[in-house]
Number of protein chains: 2
Amino acid sequence: MLTKSSTELVRQQNSVLVLSALRRGGAASHTELSTRTGLASATVSAITADLERAGVLEKSEQQALGGRGRPRVLFSQRRDCGYLIAVRISSDTVQYSLVDYSGRLMDRFEEPRNHGAGGADAFPGEIKDALSRLVARSHIDKDAVLAISISSKGTVDAMNPTLLWSPLFGGRQFDFGKLLAPEWRAKVSLNNETLLVAQALALKADKVPESKFQALAALSLGHSIGLGIARKNRQGEIEATAPNFGHMLNSAQGGLCRCGSYGCIEASAGFYGILRSAFQVPPDTIPAKFVPLAEMDKIAASARQGNRMAEYAFRQAGVALGNGLSRLMSFYERMPVHITGPGTRYFDLLRRGIEEGLVQSHEVRLQGMPQISVNLEEQRLVFEGHLDRALTDADYDIVATKVSSS
Amino acid sequence: MLTKSSTELVRQQNSVLVLSALRRGGAASHTELSTRTGLASATVSAITADLERAGVLEKSEQQALGGRGRPRVLFSQRRDCGYLIAVRISSDTVQYSLVDYSGRLMDRFEEPRNHGAGGADAFPGEIKDALSRLVARSHIDKDAVLAISISSKGTVDAMNPTLLWSPLFGGRQFDFGKLLAPEWRAKVSLNNETLLVAQALALKADKVPESKFQALAALSLGHSIGLGIARKNRQGEIEATAPNFGHMLNSAQGGLCRCGSYGCIEASAGFYGILRSAFQVPPDTIPAKFVPLAEMDKIAASARQGNRMAEYAFRQAGVALGNGLSRLMSFYERMPVHITGPGTRYFDLLRRGIEEGLVQSHEVRLQGMPQISVNLEEQRLVFEGHLDRALTDADYDIVATKVSSS
DNA sequence: AGGTTTTTCTCGACAGTCGAGAAAATAAAT
DNA sequence: ATTTATTTTCTCGACTGTCGAGAAAAACCT
């Protein structure tokens with residue numbers, strides 16, 4: 001069903017447009033906002049006046065730099081308009097970041113995750129505590145937090161927001177919405193970690209002028225395998241998704257996976273899968289809970305020195321990844337792949353297998369090999385993805401609530 | 001990039017809304033349009049007046065049926081506002097349908113396709129001839145044709161519109177846009193056949209009140225395998241895509257496919273793949289060009305009588321399909337599957353294999369088996385898909401051009 | 001013929017965008 | 001010190017669009 005439009009909606013959309021121009025390009029003057037957004041100067045006036053009245057924008061004076069004529073007055077987000085908390089759940093720690101409305105990092109700390117028995121039971125409580133401490137440290141009121149953006153590996157129900165399955169907690173589900181609902185007024189969102197990576201990469205790629213960005217995939221290699229896809233839709237927005245790539249069926253003859261199935265990509269290409277085949281452990285052995293990086297480095301070193309089984313282990317991992325990517329291209333379209341995560345350090349060993357696996361796709365055979373690149377800044381990308389998503393969401397909310405009621 | 005909005009765009013969007021309400025619900029009175037669209041009565045007045053002036057709508061009098069009060073005046077599309085041609089390219093014939101703006105079928109004929117040598121060379125000319133004859137028979141001017149909607153099996157570049165690879169012509173490409181550009185002013189579109197099936201099914205599913213339709217897949221079984229996906233996006237529109245499912249990699253150990261690769265789904269589940277494994281022909285044999293249905297029926301009959309190899313051939317075809325569908329669910333989400341095409345008559349033999357293949361997916365294991373149903377009306381669905389897509393497109397075009405200029 | 005009922009049509013209020021030009025604020029020139 | 005040039009911001013009127021309410025129209029009923 002299409003939906004009706006109205007003049008008020010026009011104002012909303014254009015207000016969001018102004019806010020997003022400010023996000024992407026930084027503080028800007030009246031006239032620059034006009035050129036960035038394509039709106040008439042008079043319209044920008046009206047909108048900025050509204051937003052200023054609502055306490056969202058402020059005029060940051062100064063900047064007497066050169067030029068004659070009337071000095072420009074820069075608009076920027078009011079930092080105290082609201083706050084955002086980004087929570088990054090990783091295998092051994094949880095990182096909490098407090099960010100103000102302008103996107104500036106205010107505070108950050110990490111807490112170790114309790115792996116022992118009862119760790120999962122204590123987890124919700126730990127999160128609630130840490131969140132409370134985070135705002136207390138900066139003397140911020142809980143109700144001033146607009147959004148809490150959580151990321152984890154695993155599959156996620158973004159609507160609810162519930163963690164459905166994760167490498168950390170298995171099938172144990174957490175409904176973060178319910179968990180934080182009474183105490184926090186903030187909008188709680190939960191996203192797969194690699195989805196955020198893809199989002200951040202797409203944002204960057206789309207900023208480049210003349211880029212004609214269409215789509216990309218982010219592939220995170222580690223103990224588990226994550227995939228994020230970011231594509232531009234017809235309206236020109238970036239839409240990111242995170243399919244259950246690591247536990248997609250690779251080969252019916254494949255080994256046993258942590259998830260209990262046989263033949264998942266992860267069972268071949270996750271660290272424990274590589275370990276298993278390097279040491280010729282029977283493929284139906286129950287996978288190791290955790291493989292230290294040092295262990296992987298040893299296998300890689302011996303592969304680089306010509307050890308056949310170690311070489312083969314990385315090779316077959318690469319083929320599993322390449323086959324998975326080839327299916328990705330079949331389902332969507334050919335797109336560049338960005339590889340991140342701790343597994344990137346073995347990319348030299350994986351590369352040939354990946355290409356071998358990719359070339360089996362009809363798409364790749366018709367249109368050529370996609371571009372594959374390595375990105376070592378996974379952590380930063382995840383954080384940028386958090387910011388972009390949550391702040392953009394917050395902009396929409398603010399426009400919908402604060403401004404209309406004035 | 002988001003884009004700016006304006007009051008004129010509001011009118012455009014609402015005009016499209018009115019036209020689409022008319023498409024879906026049939027001729028309607030003033031007040032009914034108002035309730036269907038949610039627009040105020042006065043707004044409907046203004047819009048219908050515009051559209052009437054532009055020659056798009058007309059008041060269809062009559063309908064004195066019962067009731068007191070002022071009789072309602074029904075609005076409906078002016079049939080002569082424009083015409084649409086749907087071209088359905090199938091393996092042995094090409095079907096041409098002429099439809100008026102209201103969606104009523106005016107004329108239809110089929111032409112056999114020349115399979116012999118030089119058939120592909122003659123094909124463009126044949127199409128041009130047939131299109132000219134179609135409009136001549138109904139005494140319609142070529143310039144009155146708003147859209148030519150073409151469908152074929154195979155992969156398609158929808159933007160151009162170019163047939164990139166098809167089971168009928170292999171890698172031989174046809175750019176229908178260029179082919180028809182000088183002679184026809186109509187907008188030429190090209191879509192995968194099963195995409196249209198999915199679109200039509202989704203349209204139907206979405207019409208049911210309280211359906212909460214989210215997504216579905218259409219799987220067409222025959223000599224080749226087609227998949228269409230239709231999903232509702234955030235704006236509530238139905239978006240359909242047709243991945244290259246038949247030639248997606250199923251198993252690296254799979255047989256030789258028509259496309260030249262090894263291990264495509266089609267190489268196991270297409271008719272020639274089933275035939276090959278039923279007769280234990282080596283899997284690297286070059287596939288049969290065409291398998292008559294009678295031949296398939298024989299294999300099926302012997303499978304139903306307990307012949308092991310025949311049974312196994314269908315079983316492994318089903319597993320290949322099920323595995324492919326399981327990957328579909330991994331990449332997107334769990335969604336119901338509608339099976340169409342000539343292969344549906346062997347569904348009893350395929351079913352167990354499909355379910356066996358599906359259950360290997362993490363998604364299915366977590367959320368349960370998706371609903372699988374058989375639909376025998378593939379032809380009609382393709383035609384409905386043609387109509388829905390092309391007429392909706394035409395509505396957008398008309399609103400953007402005719403109305404604004406008045 | 002007059003009342004009832006239902007639908008269609010019309011009018012004024014309100015919200016929004018746009019272009020043009022006035023007003024403001026500064027640097028350079030005189 | 002005053003004027004001029006330049007650049008930016010602000011304001012005004014015209015235009016387009018939606019909406020709600022009520023008037024007008026066109027049938028049926030008594």
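Note: hydrogens, waters and symmetry copies are ignored here, and every other heavy atom, side chains too, is used. Residue numbering restarts at 1 for every chain, and letters A, B, ... go by the order of the sequence lines. Because the structure is predicted, anything quoted here is derived from the model rather than measured.
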**Item:** Carboxylate-amine/guanidinium contact B/E237 B/K232, below 4.0 Å
**Value:** no

**Prompt:** In terms of side-chain heavy atoms, does B/Y101 have a donor or acceptor partner in B/D395 at a distance below 3.5 Å?
**Reply:** yes

**Message:** Under a 3.5 Å distance rule, please check whether A/S138 uses its side chain to pair with a backbone N or O of A/I140 as donor and acceptor.
**Reply:** no

**Prompt:** Taking CG from A/L9 and C1' from D/dT16, how many angstroms apart are they, rounded to a whole number?
**Reply:** 16 Å

**Prompt:** Say you draw a straight line from CG of B/L84 to OG of B/S189; how long is it, rounded to the nearest 0.5 Å?
**Reply:** 8.0 Å

**Request:** Check whether any side-chain N or O of B/E52 sits under 3.5 Å from a backbone N or O of B/I47 as a donor-acceptor pair, and report yes or no.
**Result:** no

**Electrostatic pair B/E333:B/R231 at N-O distance under 4.0 angstrom** = yes

**Request:** Look at the side-chain N and O atoms of A/N14 and state whether any lies under 4.0 Å from the OP1 or OP2 oxygen of C/dG16.
**Result:** no

**Prompt:** B/I47 CD1 to D/dG17 P: how many Å, rounded?
**Reply:** 9 Å

**Fill in**
B/S/- along nucleotides 5-13 of chain D (protein heavy atoms under 4.0 Å) is SBBBBBB--

**Request:** Specify the separation, in whole Å, of atom CZ of B/R11 and atom P of C/dG16.
**Result:** 18 Å

**Asked** Do A/D388 and A/R23 meet the salt-bridge criterion of a basic N to acidic O distance under 4.0 Å?
**Response** no

**Asked** Does A/T43 place a side-chain N or O at less than 4.0 Å from the phosphate oxygens OP1/OP2 of C/dC18?
**Response** yes

**Prompt:** To the nearest 10 degrees, how far apart in direction are the end axes of the helix from C/dA1-D/dT30 to C/dT30-D/dA1, each fit to five base pairs?
**Reply:** 30°

**Message:** Check whether A/N14 reaches the backbone of B/S5 with its side chain - one donor and one acceptor, N or O, closer than 3.5 Å.
**Reply:** yes

